[in-house]
Novice: 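Structure provided below as structure tokens; questions to follow.
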Protein chains: 2
Amino acid sequence: MKNKDAVTALGALAHESRLAIYRLLVAAGHEGLAAGVIAERLHLPPATLSFHLKELSHAGLAISRQEGRYVIYTANFGNALKLVNYLTENCCGGNSYLPECAAVPAAAETAN
Amino acid sequence: MKNKDAVTALGALAHESRLAIYRLLVAAGHEGLAAGVIAERLHLPPATLSFHLKELSHAGLAISRQEGRYVIYTANFGNALKLVNYLTENCCGGNSYLPECAAVPAAAETAN
DNA sequence: TTCATATTTCCAATAATATGGAAATATTAA
DNA sequence: TTAATATTTCCATATTATTGGAAATATGAA
């Protein structure tokens, strides 16, 4: 992961509403959530939600698919993992005691 | 870690210069770096650097100490880990959507 | 069709961040 | 002392991000 991509992803998560949106998406798994459901749960006006969803999508942290007249959003788990690995390697000195799921790929990647 | 703290920390790292600063601090380890050294390495004017260092400090990601006429900055590794843990808990931990998570049953390193 | 619902885009106002010169402050050396 | 160096604060400006109503677009239902 390049520095610039990390900055973009970090910036996408560095907002209360977007972090909340992302956490909802993570909780929803691969099934995802319709935009309207997110709007309802977080009490966000449609235009505001759309703006934040676009930010998350552009940052590579959310993926959308049209399903009927709904647009379903899912978390991009692969890129979330890349971000965590980047932070672990570059910001924690490679030390991460918790997540094996994050630490293992980092170890396999070796020096960077 | 509270959502608000996570947003603050993410925001602090979501800037090219600050991410670069933080990575320098991580590389410098416990010893840390004088502000002037950081300014020189990243070609940042004193006022601009000071602004970013303040952001990192306020976010709990950097610690400063006065040493003679220098101010030495170090990375706050503990808080960086907390941030990574927060992200893995909320953004990829606690579920099996990631193949890496499912594929690694606490194999190699010291778990948790 | 025509209507109802879902979502996005447009847009302009507002808010938040970033920039860096210049002055102020802090510390040491002479 | 006085001078020199290191860093921060002040402050005006510039840039970017956020907000949400209203209009536009998309799809399915009647």
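Every chain is numbered from 1 and lettered A, B, ... according to where its sequence line falls, protein lines coming before strand lines. Quick caveat: nothing in here was measured; it's all calculated off a predicted structure.
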Novice: Q66(A) has an atom CD; how far is it from atom P of dA26(D), in whole Å?
Specialist: 9 Å
Novice: With sequence neighbours left out, what residues match A12(A) under side chain to side chain contact (heavy atoms under 4.5 Å, CB included)?
Specialist: L56(A), A59(A), L61(A)
Novice: Atom CD of E55(A) to atom C1' of dT16(D): distance rounded to whole Å?
Specialist: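 Interatomic distance, CD of E55(A) to C1' of dT16(D): 11 Å.
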Novice: To the nearest Å, how far apart are E16(A) CD and dA17(D) C1'?
Specialist: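 Atom-to-atom, E16(A) to dA17(D), this comes out as 15 Å.
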Novice: Taking CG from L56(B) and C1' from dT17(C), how many angstroms apart are they, rounded to a whole number?
Specialist: 14 Å
Novice: Distance check needed: dA17(D) C1' versus L10(A) CG, whole Å only.
Specialist: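 Distance, rounded to whole Å: 17 Å.
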Novice: Determine, for nucleotides 2-14 of chain D in 5'-to-3' order, which nucleotides have protein heavy atoms under 4.0 Å from the base (write B), from only the sugar-phosphate (write S), or from neither (write -).
Specialist: --BBSSBB-----
Novice: Ignoring hydrogens and angles, write down the donor-acceptor pairs under 3.5 Å from the side chains of residues 32-53 of chain B, residues two or more places apart or on other chains.
Specialist:
residue, atom, partner, partner atom, Å
H52(B), ND1, R18(B), NH1, 3.1

Novice: Rounded to the Å, how far apart are H58(A) NE2 and dA17(D) P?
Specialist: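 Atom NE2 in H58(A) sits about 13 Å away from atom P in dA17(D).
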Novice: For a quick check under 3.5 Å, do Y86(B) and D5(B) share a side-chain donor-acceptor pair by atom type?
Specialist: no
Novice: With sequence neighbours left out, which residue pairs that include part of residues 65-76 of chain A fulfil the salt bridge (charged side-chain N to carboxylate O under 4.0 Å, His left out) condition?
Specialist: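 Residue pairs passing salt bridge (charged side-chain N to carboxylate O under 4.0 Å, His left out), neighbours aside: R65(A)-E67(A).
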Novice: Got a list of side-chain donor-acceptor pairs under 3.5 Å for residues 76-84 of chain A, not counting sequence neighbours?
Specialist:
residue, atom, partner, partner atom, Å
N76(A), OD1, G78(A), N, 3.4
N76(A), OD1, N79(A), N, 3.2
N76(A), ND2, G60(A), O, 3.1
N79(A), ND2, G60(A), O, 2.8

Novice: H15(A) side chain N/O closer than 4.0 Å to the phosphate oxygens (OP1, OP2) of dT19(D)?
Specialist: yes
Novice: Counting only side-chain nitrogens and oxygens, does H52(B) get under 4.0 Å of the OP1 or OP2 atom of dT19(C)?
Specialist: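 Yes.
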Novice: To the nearest angstrom, how far is L42(A) atom CG from dT18(D) atom C1'?
Specialist: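 So the two atoms are 16 Å apart, to the nearest Å.
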Novice: Run through the side-chain heavy atoms of Ile, Leu, Val, Met, Phe, Trp and Tyr, join any pair under 4.5 Å, and report what else lands in I72(A)'s cluster.
Specialist: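 Cluster partners of I72(A): Y70(A).
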